[in-house]
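It should be emphasised that the depicted structure is a prediction, and the values quoted were computed from it without experimental measurement. Hydrogens, waters and symmetry mates play no part in the numbers below; they use all other heavy atoms, side chains included. Chain identifiers are assigned alphabetically (A, B, ...) following the order of the sequence lines, protein sequences preceding nucleic acid strands; residue numbering begins at 1 within each chain.
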Protein chains: 2
Amino acid sequence: MSPRLPNPRLKAQVFAALGDETRLQLVVRLSDGRQHSIAQLTADSALTRQAVTKHLLVLKRAKIVQSRRSGRQSLFELNPQPLNELQQYLVQVSQHWDEALNRLRLFVESES
Amino acid sequence: MSPRLPNPRLKAQVFAALGDETRLQLVVRLSDGRQHSIAQLTADSALTRQAVTKHLLVLKRAKIVQSRRSGRQSLFELNPQPLNELQQYLVQVSQHWDEALNRLRLFVESES
DNA sequence: CAATTGAGCAACCTCCTGGTTGCATATTAG
DNA sequence: CTAATATGCAACCAGGAGGTTGCTCAATTG
């Protein structure tokens with residue numbers, strides 16, 4: 001009864017992308033549904049523009065974020081799909097744990 | 001209308017703990033609801049016992065896993081609570097994005 | 001009791017991450 | 001046209017992550 005789960009490497013990549021405070025805050029920031037330039041996202045950060053850029057690229061590699069160039073600025077927006085998939089993944093693991101525990105409980109009871 | 005979200009640093013820590021393929025597989029393994037010794041968890045891994053131990057400690061620091069000593073072995077079991085909290089967190093971010101986008105859509109329509 | 005097994009601890013190594021500075025380039029504003 | 005702005009790219013650096021080996025010790029097993 002092992003859980004039917006998607007490629008752990010890909011999931012781990014998305015988890016890792018969210019596993020940094022700065023990047024997590026960027027995601028929250030971008031959850032306003034709008035597009036933001038790198039300069040905007042850097043404005044209230046203690047980091048340099050280049051550091052923020054690197055973080056955005058990590059998010060982009062994990063497909064959590066998309067970007068397009070507009071004039072001299074490049075605009076980033078959130079893509080919630082990977083987040084939803086991750087959420088589903090966590091539900092599955094948690095459910096599997098729940099069901100397994102119930103089976104164990106039944107088994108113990110049938111022993112006594 | 002910024003999202004009401006818990007401490008991002010703590011959440012990032014949990015995400016980071018799951019952001020490694022080996023650790024994610026350990027979590028899946030432990031989602032069978034049973035307790036496993038380090039030796040058991042090492043058995044089907046290409047890594048050394050010491051490496052697996054380190055990964056387990058990372059999971060423990062994030063409270064995803066608990067351990068107790070039993071004789072000469074130390075037994076690890078899953079604690080699903082942080083996973084559930086993370087799941088809720090993702091729901092919130094996703095919802096916030098959704099609502100924000102709806103508001104933007106309404107605004108655009110009211111302009112035309 | 002002797003041998004085996006399970007685990008902890010420490011030192012060490014390599015590579016990646018997260019950050020910086022510096023410079024070049026394209027676009028927009030005055 | 002010139003100045004200012006937004007970004008890209010590269011080199012560099014320190015520290016942490018992930019892994020190993022080696023050794024010791026406690027608990028089981030025969």
Return the polar atom pairs (N/O with N/O) between nucleotides 9-16 of chain C and the protein under 3.5 Å, or none.
none

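Atom CG in A/Leu75 sits roughly 14 Å away from atom P in C/dT27 (whole-Å rounding). Straight-line distance from the CD atom of B/Gln13 to the P atom of D/dG16: 15 Å, rounded to whole Å. In this structure, CG of B/Asp20 is placed 11 Å from P of D/dA17, rounded to the nearest angstrom. When rounded to the nearest whole Å, the span between CZ of B/Arg68 and P of C/dG6 equals 16 Å. The CG-P distance, from B/Leu47 to D/dT21, rounds to 11 Å in whole Å. If you take CD of B/Gln73 and C1' of D/dC25, they are 16 Å apart, rounded to a whole angstrom. The separation between B/Arg23 atom CZ and D/dG19 atom C1' is 12 Å, rounded to whole Å. Between A/Gln35 atom CD and D/dA6 atom P the separation is 16 Å, expressed in whole Å.
Side chains of B/Gln13 and B/Arg61: a donor-acceptor N/O pair is absent below 3.5 angstrom, by distance only.
Comparing atom distances between the A/Arg69 side chain and each of C/dG19, D/dG8, C/dG8 picks out D/dG8 as nearest. Closest to the A/His55 side chain, of the nucleotides D/dT7, C/dG18, D/dA27, is C/dG18.
Proximity of B/Val28 to A/Tyr89: side-chain heavy atoms (C-beta onward) are separated by under 4.5 Å at one or more points. Inter-residue side-chain proximity for B/Leu83 and B/Leu18 is flagged as met; some heavy-atom pair is nearer than 4.5 Å.
Position along DNA chain C of the nearest nucleotide to B/Gln40 versus A/Arg61 favours B/Gln40 as the more 5'-ward residue. Nearest-nucleotide assignment on DNA chain C puts the 5′-proximal partner with A/Val58, out of A/Ser70 and A/Val58.
A/Arg72 contributes no side-chain N or O that forms a donor-acceptor pair with the base of D/dT7 under 3.5 Å.
Applying the salt bridge (Lys or Arg N to Asp or Glu O under 4.0 Å) test to every pair with at least one member in residues 10-39 of chain A, sequence neighbours left out, gives these pairs: A/Lys11-A/Glu85, A/Glu21-B/Arg9, A/Arg29-A/Asp44, A/Asp32-A/Arg34.
Across all strands, B/Thr48 comes closer than 4.0 Å to base atoms (heavy-atom distances). At the heavy-atom level, B/Ala51 lies under 4.0 Å from base atoms of the strands shown.
For the pair B/Ser94 (side chain) and B/Leu90 (backbone), a donor-acceptor distance under 3.5 Å is absent. In terms of modelled atom types and a separation under 3.5 Å, the side chain of A/Asn79 and the main chain of A/Lys63 share a donor-acceptor contact.
The aromatic rings of A/Phe15 and B/Phe15 are tilted relative to each other, their planes meeting at an angle between 30° and 60°.
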